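Excluded from the calculations below are hydrogen atoms, water molecules and symmetry mates; all remaining heavy atoms, backbone and side chain alike, are included. Everything quoted here is computed from the prediction, not taken from an experiment. Below, chains carry the letters A, B, ... as their sequence lines are ordered, and counting in each starts from 1.
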Amino acid sequence: AQSVAQPEDQVNVAEGNPLTVKCTYSVSGNPYLFWYVQYPNRGLQFLLKYITGDNLVKGSYGFEAEFNKSQTSFHLKKPSALVSDSALYFCAVTGPSGNTGKLIFGQGTTLQVKP
Amino acid sequence: DAGVIQSPRHEVTEMGQEVTLRCKPISGHDYLFWYRQTMMRGLELLIYFNNNVPIDDSGMPEDRFSAKMPNASFSTLKIQPSEPRDSAVYFCASSLAGGGYGYTFGSGTRLTVV
């Protein structure tokens, strides 16, 4: 069965510094990978996805993620964090072989950006 | 499009009562998902439908939970009887052609069972 792990419950970073939110996955075949963000009392908003092609995927709000098949990772990154980036971030995966419909989420990582 | 619409936004009910949560997916989307979010268990997939047919209900916690999708524009999640441990935020999401095109989430229903 596919699974997603986000090893950090919380990531703290100063405004203007680069940020990384980690995600590893376990899926046989070729997964589709996603990042979502959740602001307080809101639903989940799509940030970016990897299906195939370039390992570096660019998404909304200046975020990007790097797919690494050998390390089964899909870490979320941003070169310069903003206070407004503070939110709960979820990594998610479908699979195996992508388009099965079922999206499984990691446990979430709280990003706290301090001014 | 107005996105995925869930109602009600908040529901407070007494233990033992029946609760019905509603969802209207994005028009044209052929997959619909129900998730539950709690602090302890995070986001759990309860059930999902493809073309109005339930595909996987292995995440439904017990027989007190049931979900229906009578047509392409409406789905319900029912809890009968409700218990305090059912208190959570319930999200509905829809997508086109499964995972590859992304999922759009509703704003959720915050359920409190007292």
Rounded to the nearest 0.5 Å, how far apart are [atom1] of [X] and [atom2] of [Y]?
| X | Y | atom1 | atom2 | answer |
| --- | --- | --- | --- | --- |
| H10(B) | N41(A) | NE2 | CG | 7.0 Å |
| L43(B) | L44(A) | CG | CG | 5.5 Å |
| L103(A) | Y31(B) | CG | OH | 12.5 Å |

hydrophobic_cluster_shared for [Y] and [X], side chain cutoff 4.5 Å:
| X | Y | result |
| --- | --- | --- |
| I51(A) | L56(A) | no |
| Y32(A) | Y35(B) | yes |
| Y90(B) | L45(B) | no |
| L88(A) | V89(B) | yes |
| L48(A) | V11(A) | yes |

Problem set entry | Heavy-atom donor-acceptor pair, Y103(B) side chain to F46(A) backbone, under 3.5 Å | no
Problem set entry | Residue part contacting chain A, namely of R41(B), when any heavy atom lies under 4.5 Å | neither
For this session: Name the region of Q6(B), side chain, backbone, both or neither, that has any atom closer than 4.5 Å to a heavy atom of chain A.
Result: neither
Problem set entry | Residue Q38(A) versus chain B: region with a heavy atom under 4.5 Å | side chain
Exercise. Between F105(A) and F105(B), is the ring centre distance below 6.0 Å?
Worked result: yes
Exercise. Can you name the nearest heavy-atom pair linking F91(B) to R42(A), along with the distance?
Worked result: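 For F91(B) versus R42(A), the nearest heavy atoms are CZ-O, 3.8 Å.
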For this session: Using heavy atoms and a sub-4.5 Å threshold, report which of residues 51-71 of chain B line up against chain A, by residue number.
Result: D56(B), S58(B)
